[in-house]
Protein chains: 2
Amino acid sequence: MVARPGPKRALSEDEVLNAALALLDADGPDGASIRKIAGTLGVSPNAVYTYFSDKSSIEQALVERLLGELNRDAVSRADWREDLETLALDLRRRLTAHPGAVPLLLGGPMNGPEALQLGERLLEVLARAGLPEQAAARASYLIMIYVLGAVALEVADVPQAGALEPEASRIAARRAAMTQVPSSMFPRTAAAVDVMAQWVGTEQYVWGLHRVLDGLAASR
Amino acid sequence: MVARPGPKRALSEDEVLNAALALLDADGPDGASIRKIAGTLGVSPNAVYTYFSDKSSIEQALVERLLGELNRDAVSRADWREDLETLALDLRRRLTAHPGAVPLLLGGPMNGPEALQLGERLLEVLARAGLPEQAAARASYLIMIYVLGAVALEVADVPQAGALEPEASRIAARRAAMTQVPSSMFPRTAAAVDVMAQWVGTEQYVWGLHRVLDGLAASR
DNA sequence: ACCTGAACACCGTTCAAGT
DNA sequence: ACCTGAACACCGTTCAAGT
């Protein structure tokens with residue numbers, strides 16, 4: 001990085017991303033407009049273009065930062081299955097903390113440095129588990145589908161723009177959803193919603209991950 | 001439904017949805033603006049509000065219509081595993097045909113009548129497979145995570161706004177992606193992209209589904 | 001009941017100008 | 001180099017008015 005000369009920098013890239021994330025958390029997926037970001041920072045909208053070339057590059061940088069924080073948490077190098085679980089839980093925790101950012105992650109390719117680093121870590125764990133190259137590649141893609149798919153469905157079910165509530169109140173929300181499913185038309189679905197309402201999100205998530213890992217083990 | 005009196009209807013709900021889908025296909029996820037829909041139909045933007053109360057209800061109706069078409073295809077009542085595969089492949093085919101509509105599906109809860117009907121069908125197949133109520137509920141949710149997650153990642157990897165190209169050229173696109181992964185920094189990822197590039201999308205998708213089903217079978 | 005034109009409060013982005 | 005004000009081409013939505 002070269003030093004930047006010029007008058008003065010009123011802002012920094014990080015401040016822009018902070019403002020964007022705060023707006024995303026407060027106002028939902030469309031809340032982080034350039035004009036609102038600028039307003040939050042007390043600057044004219046155009047000033048933002050000094051730090052990012054356009055809105056999509058702000059979104060990409062934000063996704064990269066979230067994944068970067070995830071990558072800073074080293075995996076414990078214990079049992080590989082446990083490491084995988086820790087990684088998956090960490091990713092879910094960080095993404096559900098910022099539901100408004102999830103569409104940004106799902107909306108574009110995972111090709112930034114931090115996204116690649118995350119994939120690399122996953123492949124390392126799988127290699128440690130003894131999987132040869134091809135099996136590891138396929139397994140990592142399947143695990144990514146599960147992890148991101150689970151988070152996407154979880155976030156999509158939350159009507160609110162704000163951060164996800166504690167799990168207790170989410171169960172109440174599911175119960176409310178249940179009563180909206182007419183059991184005369186969709187008897188199995190109504191019963192299924194009832195079953196799922198009594199199952200805490202984290203348990204569900206880990207259970208699903210284990211089913212995926214079992215399926216991978218069975219194919220060896 | 002009551003008959004509608006009044007002057008004349010220049011449009012219909014279906015025409016609005018047709019225009020919206022065409023714009024989505026042509027211009028990507030943000031292409032279906034109310035003003036462009038109206039322009040396509042040769043009508044003033046406000047006329048659209050006669051048929052739908054707001055933009056989000058157009059999006060919901062569009063998702064419902066896509067799922068409705070899926071529900072019209074009856075499952076063959078052959079082997080349950082085969083039925084599940086047919087259902088999953090059909091869903092993937094219909095969604096990847098309209099990549100711009102995928103964020104709309106992933107962006108909201110699956111609580112419309114057609115979405116519930118799809119879930120009901122899934123639960124019926126699983127019941128036929130001999131799964132008791134609770135196991136079927138969990139299994140159907142896991143399968144939905146896989147199917148929607150796989151489609152989401154597939155669509156997110158396509159840079160273009162337009163419909164997905166034939167698989168042959170998609171392989172070329174993946175090869176191009178590979179060369180962009182610096183193998184010095186991400187050796188395993190670079191190798192994995194190479195492996196995955198030689199694997200056709202449909203095969204990958206079915207393979208992943210089978211791993212999920214194996215995982216479910218292993219947990220019984 | 002259904003359409004139109006005008007307007008309001010936004011949006012991303014660009015341009016010309018100031019320091 | 002970095003910021004500002006003004007402008008352009010959009011956007012969803014509402015209001016008042018016409019038939």
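Just so it is clear: chains get the letters A, B, ... in the order the sequence lines come, proteins before strands, and each one is counted from 1.
- Legend: residues meeting salt bridge (charged side-chain N to carboxylate O under 4.0 Å, His left out) with A:Arg35, ordered by chain and number and at least two apart, are absent.
- Partners of A:Glu124 according to the salt bridge (charged side-chain N to carboxylate O under 4.0 Å, His left out) rule, which considers only residues two or more places apart in sequence or in another chain, do not exist here.
- Taken from CD in A:Gln198 to CD in A:Glu203, the straight-line distance is 11.5 Å, to the nearest 0.5 Å.
- Here B:Phe52 lies out of heavy-atom contact (under 4.0 Å) with every strand.
- In DNA chain C, consecutive stretches of 3 or more Watson-Crick or G-U wobble pairs with both distances under 3.5 Å are given as paired ranges: C:4-8 with D:12-16, C:12-16 with D:4-8.
- With sequence neighbours excluded, no residue forms a side-chain hydrogen bond (donor to acceptor under 3.5 Å, both in side chains) with B:Asp30.
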- With B for base contact, S for sugar-phosphate-only contact and - for none (protein heavy atoms under 4.0 Å), nucleotides 7-19 of chain C reads B---BBBBB----

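- Summarising the geometry, atom CD belonging to A:Glu64 is positioned 8.5 Å from atom CE belonging to A:Met110; distances are rounded to the nearest 0.5 Å.
- A:Leu17 and A:Leu62 get closest at one heavy-atom pair: O-CD1, 3.7 Å.
- By the ring-ring contact (aromatic ring centres under 6.0 Å, His included) test, A:Tyr205 pairs with A:Tyr146, sequence neighbours left out.
- A heavy-atom distance below 4.5 Å is found between the side chains of B:Ile34 and B:Tyr49.
- For the OP1/OP2 pair of C:dC2 and a distance below 4.0 Å, the side-chain nitrogens and oxygens of B:Thr50 include no atom meeting the criterion.
- Remark: C1' of C:dC3 and NZ of B:Lys8 are 9 Å apart, rounded to the nearest angstrom.
- In terms of phosphate contacts, B:Tyr51 brings no side-chain nitrogen or oxygen within less than 4.0 Å of OP1 or OP2 of C:dA1.
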